Amino acid sequence: MRRFRTAAAAALTTALTAALASGCGGGTTTDGAGSNDKPKELTYWATNQASSLQEDKKILKPELAKFEKQTGIKVKLEVIPWSSLLDRILAAASSGQGPDVLNIGNTWSSSLQKSDALLPFDDKNMAKIGGENRFSPSALAATGAEGKPPAAVPLYSLTYALYYNKKMFRQAGIDEPPKTWQELVAAGKKLTGDGHYGLALEAGDPVENAHHAFVFGKQHGADFFDASGKATFDKPGNVKAVKQYVDFLAQDRISAKGNAEYAARQSVRDFAKGKAGMLLWQAARSQLLGNGMKPDDYGVAPVPVQSASDTGDRGTTSMVAGINLAVFKNTDNIDGALKFVKFMTSNAEQHKLNTTYGSLSPVRAAQKAAPRDKDEKVMRAVLADSAAPLPQVPDESKFETLVGTAMKELFAQAAAGQKVTTESVRERLAKAQQQMRK
């Protein structure tokens, strides 16, 4: 899932209860079965993938015109910022007034699946878009709870990577990107000074924090949920994971204190402007170029691990990130909506859109082309070898909010000059765990 700038995730479970009772989507039926009452039009909610909403519209409108020419179906486009997307989805689910087709972050799939708001891609619906074998297994793993039909289908796949400023590395005498966190901290200290820092963090964004907590947790042999879906936030491995990440600012001091408030891509801008030498981000290419950086100015490498020999879960370097494409269950153009999903996941559109956005295609046939650039080469390898899906449990979004907010508070504490201890981390995670279990 890409850049979730929202405080609304905390309200997701409560709002889902209302959605279950009221029905949802863009149609007018009362049984949530969908219809074809308006076969010549669709409403599509797209997510902000480019450097601005206007840029997204510029990219998408020509593609939607192609679809209209092919099918005679006019698509009304609205690009929604991440800061308000979940609020908008929940309001649509509660009121029954929403789009026909929409983008969702893939980590929301199970939570929204619980609401019964989205059209399930069962065998019949999946066949209408070409079958599930078109999609990579790793991307399909983040489309809903195991054992249930997917609540959406993959549209853009993403992974985290380590971006580094080549010029700053040369000036600091750093020959290659770090492979372990110990090496990253050492490099970060060489890069820190004279108003510059080693690593830019988006530490004021709860969901961004939670994504890194998940990866660090895996590397420490821990999970934030057990096999039954019960929260296990305060396990020793998770405490170590969160403290290690917060310590980039609190103890190692390779990140600026102001990073504790960053929640609107300021870390990307700082990196692009040379204020920080390293950045952990998903498919940053288009954003870096949009902020004035040139492709030769930066390098891309996998996210570091604890030890260079780590494999399996301990070798995890990214969550399986990405954007899924969903259909509201009571759409009033169900046939047209499925045609649109098939169009957007076609090889031609996948090549066009993922090339433009710098993301990966989750469609197998589209993956056969050679990597476009260094960014895609690294992300492909990460997705294939060292990425893991976030827990596909109904309360996953609450994990992002509760753990991510606890980390935000710890970063604020560190920025204020207060010491962050193992015990203080454990206490905050235990409190988040109690809130989860209420």
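Side chains are part of it too, since the values below use all heavy atoms of this structure and drop only hydrogens, waters and symmetry mates. Just so it is clear, the model here is predicted, and its values are computed rather than measured.
Atom OG of S424 sits about 9.5 Å away from atom CD of Q418, to the nearest 0.5 Å. With values rounded to the nearest 0.5 angstrom, K179 atom NZ is found 13.5 Å from T317 atom OG1. Here the CD atom belonging to Q282 is positioned 11.0 Å from the CG atom belonging to L360, to the nearest 0.5 angstrom. Note that OG1 of T421 and NZ of K243 are 7.5 Å apart. Values are rounded to the nearest 0.5 Å. Atom CD1 of residue I80 and atom CG of residue L77 lie 9.5 Å apart, to the nearest 0.5 angstrom. Here the NZ atom belonging to K342 is positioned 11.5 Å from the CZ atom belonging to F67, to the nearest 0.5 angstrom.
For K275 (side chain) and A200 (main-chain N/O), no donor-acceptor pair under 3.5 Å exists by modelled atom type. Formation of a donor-acceptor pair under 3.5 Å by the R134 side chain with backbone atoms of T345 is found in this model. Of the possible donor and acceptor atoms, none in the side chain of D313 sits under 3.5 Å from a partner among the backbone N and O of Q219. Proximity of a side-chain donor or acceptor of Q350 to a complementary backbone N or O of L155 within less than 3.5 Å is detected. Panel note: side chain Q113, backbone G144; no donor-acceptor pair is recorded below 3.5 Å. Remark: side-chain polar atoms of K148 are not paired, donor with acceptor, to backbone N or O of S110 under 3.5 angstrom. Of the possible donor and acceptor atoms, none in the side chain of K114 sits under 3.5 Å from a partner among the backbone N and O of D395. Using a distance-only test at 3.5 Å, with no hydrogens or angles considered, no donor-acceptor pair links the side chain of S109 to the main chain of A151.
Screening V327, N324, I129 against V153 for a side-chain contact (heavy atoms from CB on, under 4.5 Å) leaves a single residue, I129.
The closest side-chain heavy-atom distance from L280 to L199 is below 4.5 Å. Using a 4.5 Å cut-off on side-chain heavy atoms (C-beta onward), V300 and R285 make no contact. With a 4.5 Å cut-off on side-chain heavy atoms, E400 and L390 count as touching. Inter-residue side-chain proximity for K368 and S361 is flagged as unmet; no heavy-atom pair is nearer than 4.5 Å. Two residues are said to be in side-chain contact when any heavy atoms from C-beta on lie closer than 4.5 Å; P154 and T143 meet this criterion. For the pair L249 and Y197, the minimum side-chain heavy-atom distance is 4.5 Å or more. Side-chain contact between D100 and Y44: absent, with no pair of heavy atoms (C-beta onward) separated by less than 4.5 Å. N354 has its side chain within reach of R372: a pair of non-hydrogen atoms, C-beta onward, lies under 4.5 Å apart.
Counted by atom type alone, D56 and Y357 present one or more donor-acceptor pairs between their side chains at under 3.5 Å. Judged by distance alone, the side chains of Q49 and S359 never bring a donor and an acceptor atom under 3.5 Å apart. Counted by atom type alone, D270 and Y262 present one or more donor-acceptor pairs between their side chains at under 3.5 Å. A donor atom on one side chain and an acceptor atom on the other are found under 3.5 Å apart for Q244 and Q306.
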request  = Could you please spell out the steps behind the side-chain contact (heavy atoms from CB on, under 4.5 Å) verdict for L118 and I104?
outcome  = CA-CA 11 Å; L118 305 179; I104 64 172; 4.2 Å; yes
inquiry  = Go through it in stages, so that I can follow the logic: the residues are V393 and E396, the test is side-chain contact (heavy atoms from CB on, under 4.5 Å), and I'd like the CA-CA distance, side-chain angles, deciding distance and then a yes or no.
reply    = CA-CA 5 Å; V393 297; E396 190 282 326; 4.1 Å; yes
task = List the steps and the verdict of side-chain contact (heavy atoms from CB on, under 4.5 Å) for L383 and V320.
result = CA-CA 7 Å; L383 191 61; V320 177; 4.1 Å; yes
Salt bridge (Lys or Arg N to Asp or Glu O under 4.0 Å) between E423 and R426, intermediate numbers included = CA-CA 5 Å; E423 182 58 23; R426 190 200 66 77; 2.9 Å; yes
inquiry  = Pair W108, L85 - check side-chain contact (heavy atoms from CB on, under 4.5 Å), show working.
reply    = CA-CA 11 Å; W108 295 344; L85 179 60; 3.7 Å; yes
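Closest non-hydrogen pair, N48 versus W82, comes out as O-NE1, 3.2 Å. The nearest pair of heavy atoms linking L112 to S115 is O-OG, 2.6 Å. Between A139 and S157, the shortest heavy-atom distance links the atoms CB-OG, 3.9 Å. Annotation for L325 and F121: closest pair O-CE1, 4.3 Å, computed over non-hydrogen atoms. In terms of heavy atoms, A414 sits closest to A250 at CB-CB, 3.5 Å. Counting all heavy atoms, side chain and backbone alike, V101 lies closest to A337 at CG2-CB, 3.8 Å.
Salt-bridge annotation for D226 and K230: absent, with no side-chain N of the basic residue lying under 4.0 Å from a carboxylate O of the acidic one. Salt-bridge annotation for K66 and E63: present, with a side-chain N of the basic residue lying under 4.0 Å from a carboxylate O of the acidic one.
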If you look only at distance, which donor and acceptor atoms sit under 3.5 Å apart when one is on a side chain in residues 161-173 and the other is two or more places apart or in another chain?
residue : atom : partner : partner atom : Å
Y163    : OH   : A284    : N            : 3.0
N165    : OD1  : K167    : N            : 3.0
N165    : OD1  : M168    : N            : 2.9

Could you go through residues 403-411 and list every donor-acceptor pair under 3.5 Å that involves a side-chain atom there, pairing it with any protein atom two or more places apart or in another chain?
residue : atom : partner : partner atom : Å
T405    : OG1  : T401    : O            : 2.6
E409    : OE1  : R428    : NH1          : 2.7

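A ring-centre distance under 6.0 Å is not found for W281 and F271.
Within a 6.0 Å sphere centred on NZ of K235, other residues, nucleotides and ligands contribute more than 12 heavy atoms. Surrounding NZ of K352 are at most 12 heavy atoms belonging to other residues, nucleotides or ligands under 6.0 Å away. Within 6.0 Å of the CD atom in E427, the count of heavy atoms belonging to other residues, nucleotides or ligands exceeds 12. At most 12 heavy atoms of other shown residues, nucleotides or ligands fall within 6.0 angstrom of atom NE2 in H351. R253 CZ: 12 or fewer foreign heavy atoms inside a 6.0 Å radius. Counting non-hydrogen atoms of other residues, nucleotides and ligands closer than 6.0 Å to CD of E132 gives a total of 12 or fewer.
Using a 30° and 60° split on the angle between ring planes, F225 and F399 fall in the perpendicular class, above 60°. The aromatic rings of Y245 and H212 sit parallel, their planes meeting at an angle under 30°, below the 60° perpendicular limit.
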